[in-house]
Every structure is written in C-alpha cells, then in structure tokens.
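Values in this document were obtained by computation on a predicted structure and should not be read as measured data. Within every chain, numbering begins at 1; the chains are lettered A, B, ... in the order of the sequence lines, protein sequences first and strands thereafter.
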There are 2 protein chains.
Amino acid sequence: MATMNDVARAAGVSTSTVSYVLSGKRTISADTRNQVLAAIEKLGYSPHAGARALASNRSNVLGLVVPLRDDVNVSVVMQFVAAVVTTARNFEQDVLLLTQDDIGGIERVTSQSVVDGLVMMDIEARDPRIPLLAKMRKPAVLIGVPDDAHGLSCVDFDFAAASRVSVRHLVELGHRRIALIGSPQASLERHATYADRVRSGFEEACRNAGAHFASRACEPTSSALVEALQELVTGPQAATGLVVHNEFLIPFLRDTLATMGLRVPEDLSIVAIAPTDVALASTVPWTAVSIPAHDIGRTAVEMVMERMHSEKPTEVRLIVPTLVERGTTVAVTSESKDGRVH
Amino acid sequence: MATMNDVARAAGVSTSTVSYVLSGKRTISADTRNQVLAAIEKLGYSPHAGARALASNRSNVLGLVVPLRDDVNVSVVMQFVAAVVTTARNFEQDVLLLTQDDIGGIERVTSQSVVDGLVMMDIEARDPRIPLLAKMRKPAVLIGVPDDAHGLSCVDFDFAAASRVSVRHLVELGHRRIALIGSPQASLERHATYADRVRSGFEEACRNAGAHFASRACEPTSSALVEALQELVTGPQAATGLVVHNEFLIPFLRDTLATMGLRVPEDLSIVAIAPTDVALASTVPWTAVSIPAHDIGRTAVEMVMERMHSEKPTEVRLIVPTLVERGTTVAVTSESKDGRVH
DNA sequence: CTGTTAGCGCCTTCAC
DNA sequence: GTGAAGGCGCTAACAG
C-alpha cells in the first residue's frame, strides 16, 4: 500500500504538504495541490486510519450502544440506528456497534480510544451504566433521561409532554374517562425512561383535568390486547378516550376493536404515541403524537460532536411533541357515552 | 493516559516485556509478569487501539453491511446482527456498522484499514458491489450467494432445499395442489438471493413431484394477504398445501384464514419457512423449516476470521434445512379435498 | 505558501 | 528470560 511519503515523493513535495492537502488545515497553492491529488490518484493512495488515529488522537468512530431486548421494538431501534449512522457520516464518523449486554464494552472502546464518543440508547431511570460514563474521557450522549442526569448530556422525546398533549386533546373533546395502554410490563419494570414518563405524564394530565383514568401495561400479543381493552374500554366504567403507547399493538388495534364491536372514533377516540410510520401504516391512519426517531438520533450525534473538541456544558434536550389529528378522535356525544352495546 | 512506557517504568522492566505480557507471544517469568500486571492495574493502563493498529496492521474491527430497506424484516436483520456481534466478540473483534446505501463505505473502511474484514448481508443475485469486493485486500464473506460467486466466500441458508423439503413433506402427505406465498414484490424484483432461491426450489420440487403449483409475492399487509389467499387456496383450483416464506405475514396468517372460514390443518396444510421464533410466536406454533439466523451470522464471522491471516480458498457454505412438524400439516383426505365450503 | 522534524504508542527483530 | 531500538504512517509544531 502506498503511504503518504510515497505520494509526497511522487508529487515532489513534502509529507506535510500532502497531509495539509488532505486535511485542508492550511492553504495550498492550486498548483501543488493538483500535483498532490494527481499523485494520490495515480498511486491509489488512501490514508491509514490507525496511523491517523495515533497521530491525531482521534479515531473518527462513534460508539453506539443498542438494546437487543425483546421488549423493545426492533423496527424503532433500527430507525434510531439509521439516523445515527446517517448523521455520523455527515461528520465523517463511522459507527461502532455495541450491545447492551456486552459488559465492559463501553469501558473497552472508550479507554482504548477505539471511539471518539458514545451514543447510548434505551436508558433506564437508574441506569447502572451511568457511573461508568461519568468517569469516561470521551463525550457521551444518552437517548433517554435517567433520574440522575448529573454530568451527562441527554436527548429525548418529551414523552411526558406527549402524554399531556394526548390527554388534553381528548379532554377538549369532552372525554372524561381516559385510559392508557402502555409498553410491555418488562419495559415498565426496568424503568425504561420512556415508559415511566409516558405514564407519569398521563396521570398528571388526567388529574389536572379532573378526568377519571386507568392505565396498564400490555404485552405484544393479540390476547393481551383483548384483555387490556376489555378491562379499560368496556363495561360501565369504560373509557371513551384511549391513549396507546405501544408500537407492537398499533397494527392490531383496529381489527381487534372491530372484533369487539367497537368503532373508532364513534365508540372510542384513540390517540397513538408512536413513530410516524407506525401511525400511518394501517389503512386508516391514527391521530397520533409522533415519536421523531430520526430527529432524536440526529440530535444525539450532533451533541456528541459538539462536545468532542470543546468543553461544552452538559445539557438535557427534550424534543417537543406535536399531535396530528387524523380522524380517530371525536367529540363525546351522549350517544357515544351511552349508546354503546356492552 | 498511561502508556506502555509508563507501565514499563513503574514495573522496572522494558516496554517490550510489557508488550509480551499483554500479547502472550513469548514466555515471561511469573515474577516479572506479576510486576507488570500490578503496574498496569495501578496506572489504569489500557492500550491505544490506534497505535496497536498502526504497529500490527490489524484494527480488530469487522465491518458489517446491513440492509435498511423496508422490504426486509428488521427483526430478522437484528438476529443476524446480534449473532455477528456476539461471535465477533469471541474473536476479540468489534463491529463497525455500514449501511447499504452508504456508497463508498465499503471501499473507504477497507482501504483505510478501518476494518480487518467484512460481512455483507442481503446479497442480490447480480449484486453491484461484488466487483468492489473482488479487488479488496481484506477478507469478505457474503451472507447470500450471488449468481457469480467467483472469488468470494459466501454462507447462506439453503433456501432452495428449504423449499424442496417443504414441498416434499406436503407431497408425502398426499397433497397435489401446492402454493407458495413468498416475499414482498420488492425483494423478488431486486433478486434478493433468498427470494429467488425459495421460488426456484419450490417450482423445481413441485415439478419433480408432478404436483400442480402456483406462487406469488405478497406485501406485508392484511389486505394483500387476503387477496393472495383467495387466489391460491380458494376456488376449484384451490391448493391444499401451502408454503409461506414471509416473516411479516406469519403473525396474521391464522386469524386471516379463520376469517375466511379455513381451518388449519383440516382445510389447508401449511409449512412456514421462517426464523424459529417467528414460527413459535403464535399461540399455536407452525410446522416450519427454521431459518437459523444465528448460525448463519456466526458462520459468516468464523469464515472471515479464518481468512484474516492465512490464505484460505474461497468457499460457499450452505446450511442444511430441517423441517420440524408442529401440527399444521396433515394428510389429504377426500373430505379435505372436496368437503370445503367455497 | 512549503519543508523539516519530532513525536503519537505499540510491536517485533535482534542482541544479550 | 529480558532489553534496546527501529519502524508502522500520519500530524502538527516550528522554521523558513
């Protein structure tokens, strides 16, 4: 393989000139620049990443820690991953994949300078990895906000606000009994930050509005969904408004309700909290608060990059939710309250 | 950060001794070894990946090219990814993520020695990237077998054989009209190798057995599934045996058939070609030929590693399918042939 | 605008 | 069994 020296010799210049042509860190006359580029072309030269990393103390690689649990929706994870990779490439960074269960992986890539920075997905409220991150030399950004974000930068969708917006929308339509179907039990139990925040936001908003409310987790199966719906939206205490935060279930929701004899929105108004494509995937789209996976991933990378060179203070950035009406919610009428077949 | 030199000084030995303690490439007396290890511990030393890469010409990173198309099932992709990452760690390798649409990504990481080798998923029959791979200096293994595998190593599930096994199973049960529901149209059109091979294997096996057959692609929606089923398994020419190779549809299959008034296996015998967890996911599991995503991913990494140091000849390894009966197929009876309500 | 040169931190051959 | 020293290829002062 040709080295920078070979190129310099072929172009009749010094190594540093070649280096500067490549990095653009100082101005080079068009003439010599062309000489160099020609030589590079001719020799098929390309720089050695290891050598560059050693000399510059930068690897141009970002670490990305992804969850491969079965209570997370892989298609959502993939959206984040795609956003992170794409954005990283805009910063000339590659992405190294680390899995949650690779204990010590973070420590390893970080202390050996395999990566210049880290993005971590699927943070838990009291995440055990947080102490590790604190004593790292490399910038890290969490996707999700842990209870103690001290000394760490985080970015997340404002899930609590998403719940509040959803509830407020239903309340404005006159709904007074509102239910939430949330993430699978496992997500709640390990206190995935999104699961916690959706629920607390929901309960808070309902209390403020003086609405009756009920909420429960739901596993990603048809039967669990049926059970949850029966509990929440049938019977004398049935909710007339429903918030669903569970990507697994959305695709099954309409058919399942139809089977139970419930029409949307006549019998039940529904707001989904889900990635845009999930909300739009069914034949009839859902009124939804979109989880902007792409924005979150992009922001995470941007925040890491901002902190790579300069000492920027830590910050927590929450992405503001927007509710888009698509016709699955409607104002309460006396009919919708009482005319339903139970 | 502490360097190897610091460690050497602290331990009262030379740098090379420290290096050898770490690499184990020559024997060191227990005494000095312990000195060194103690010093490493005390200084919190860890080697610099870049320096190591420069000196050893090995980065200890594997590149993994993943598809993020929407006609691939992300959960299946994730299974591959998980297998690759896990296996790579067993070889002390990290995994760098490249996306299919990052044109030039392969070239870049490969020529700059960012990675020591490559694994590529989701190969097409006449994959445009193959010429690139041929002139790479680093070993590469494809998951999937292109038309012209010349000079390349590949590993894949034997999808053609999977089809044949499925058809043979149905034929042995007396089925003479057999249908195939395959991947989404997009996968077929771009000639994803798995899609092509499933179909050709299916048609070949049916011809050999003298069975009537029909096959079609199917999009991942309920309505497409209904349409496909109506075409294939209702009417006077209705198939009595069905092979389904489409991870998206499996979860909907039983309910959809029930809606159409078809019972499994009384009215219709079904074999799925799908990852084990998909075949088992529904309440009643499917008779299936399992796609061993984990084995494929593991094998791919093993093959790359084998070719990293020594010149091993290229090879194509196909993983042999096994059909597991789980009760969704049954012998044809006159009743099942004729007694059905159309 | 360009060249010279001293490292970056580790590996490995050679000498003892 | 251990040490000394050159080099891996590139970067970034420093010196013109």
Side-chain angles (χ1 to χ4, degrees), chain A residues 1-37 39-40 43-61 92 108-116 137 308-309, chain B residues 1-37 39-40 43-61 92 108-114 116 137 309:
Chain A
M1 283 285 81
T3 74
M4 208 154 151
N5 247 311
D6 301 334
V7 173
R9 206 171 316 124
V13 299
S14 74
T15 7
S16 63
T17 302
V18 178
S19 175
Y20 286 120
V21 166
L22 256 28
S23 69
K25 289 196 180 173
R26 76 184 187 193
T27 45
I28 305 279
S29 74
D31 243 26
T32 55
R33 161 192 218 75
N34 287 140
Q35 304 276 285
V36 170
L37 292 177
I40 287 177
L43 299 180
Y45 164 79
S46 57
H48 184 108
R52 174 172 285 177
L54 176 56
S56 66
N57 202 27
R58 302 212 30 236
S59 66
N60 291 308
V61 173
E92 315 257 76
R108 176 169 43 80
V109 297
T110 245
S111 64
Q112 303 189 353
S113 289
V114 177
V115 301
D116 292 337
R137 300 289 209 241
M308 203 113 96
H309 305 290
Chain B
M1 282 285 82
T3 76
M4 209 157 151
N5 246 311
D6 300 336
V7 173
R9 205 172 315 126
V13 299
S14 74
T15 12
S16 63
T17 302
V18 178
S19 175
Y20 286 121
V21 166
L22 255 28
S23 71
K25 289 194 180 175
R26 76 186 189 194
T27 45
I28 303 280
S29 72
D31 244 27
T32 55
R33 159 189 221 76
N34 288 141
Q35 305 277 288
V36 170
L37 292 176
I40 287 177
L43 299 179
Y45 164 79
S46 57
H48 183 108
R52 173 171 289 178
L54 177 57
S56 66
N57 203 27
R58 303 214 28 237
S59 66
N60 291 310
V61 173
E92 316 256 75
R108 176 170 42 81
V109 297
T110 244
S111 64
Q112 303 190 350
S113 289
V114 177
D116 293 337
R137 301 286 209 247
H309 306 292

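Scanning for salt bridge (charged side-chain N to carboxylate O under 4.0 Å, His left out) contacts around Arg26(A) gives an empty result, with sequence neighbours left out. Residues satisfying the salt bridge (charged side-chain N to carboxylate O under 4.0 Å, His left out) test with Arg33(B), not counting sequence neighbours, are none.
At whole-Å resolution of the value, CE in Met1(A) and P in dG9(D) are 11 Å apart. One can place CE of Met4(A) at 15 Å from P of dC8(D), the figure rounded to the nearest angstrom. Between the P atom of dG3(D) and the CZ atom of Arg9(B) lies a distance of 14 Å, rounded to the nearest Å. Rounded to whole angstrom, the span from the OH atom of Tyr20(B) across to the C1' atom of dA5(D) amounts to 12 Å.
Running 5' to 3' along DNA chain C, contacts with non-hydrogen atoms of chain A at under 4.0 Å begin and end at dC1(C) to dG9(C).
OP1 or OP2 of dG3(D) lies within a sub-4.0 Å distance of a side-chain N or O belonging to Thr17(B).
Formation of a donor-acceptor pair under 3.5 Å by the Ser46(B) side chain with backbone atoms of Ser111(A) is found in this model.
Between the side chains of Ser19(B) and Ser16(B), no donor-acceptor pair of N or O atoms lies under 3.5 Å.
In this structure, Met4(B) and Thr15(B) approach most closely via the heavy-atom pair CE-O, 3.3 Å. The two residues Ser59(A) and Ser113(A) come nearest to each other via the heavy atoms CB-O, 3.8 Å. Smallest separation of non-hydrogen atoms from Leu54(B) and Ala51(A): CD1-CB, 3.5 Å. Of all heavy-atom pairs between Leu22(A) and Tyr45(A), the closest is CD2-CE2, 3.8 Å. Annotation for Ala10(A) and Ala39(A): closest pair CB-CB, 4.0 Å, computed over non-hydrogen atoms.
Among the candidates Val7(A), Ile28(A), Val36(A), the single residue satisfying the side chain to side chain contact (heavy atoms under 4.5 Å, CB included) test with Val13(A) is Val36(A).
Comparing the end axes of the helix from dC1(C)-dG16(D) to dC16(C)-dG1(D), each fitted to five base pairs by superposing C1' atoms of four pairs onto the next four, gives an inter-axis angle of 30° (nearest 10 degrees).
Within the 4.0 angstrom heavy-atom criterion, only backbone atoms of the sugar-phosphate kind lie near Val13(A); the bases stay farther away. Note on Thr3(B): only backbone sugar-phosphate atoms sit closer than 4.0 angstrom, heavy atoms only; bases stay farther off. Residue Ser16(A) is in base contact, counting any heavy-atom pair closer than 4.0 Å across all strands shown.
When side chains are defined from C-beta on, Asp6(A) does not count as touching Met1(A), because their heavy atoms never get closer than 4.5 Å. Using a 4.5 Å heavy-atom cutoff, the side chains of Arg108(B) and Glu92(A) are not in contact. Annotation: side chain of Gln35(B) is not in contact with side chain of Asp31(B) (no heavy-atom distance under 4.5 Å).
Only Lys25(A), Arg26(A), listed by number, bring a heavy atom of residues 21-30 of chain A to less than 4.0 angstrom from any atom of DNA chain D. Residues from residues 45-57 of chain A with heavy atoms under 4.0 angstrom of DNA chain C, sorted by number: Leu54(A), Ala55(A).
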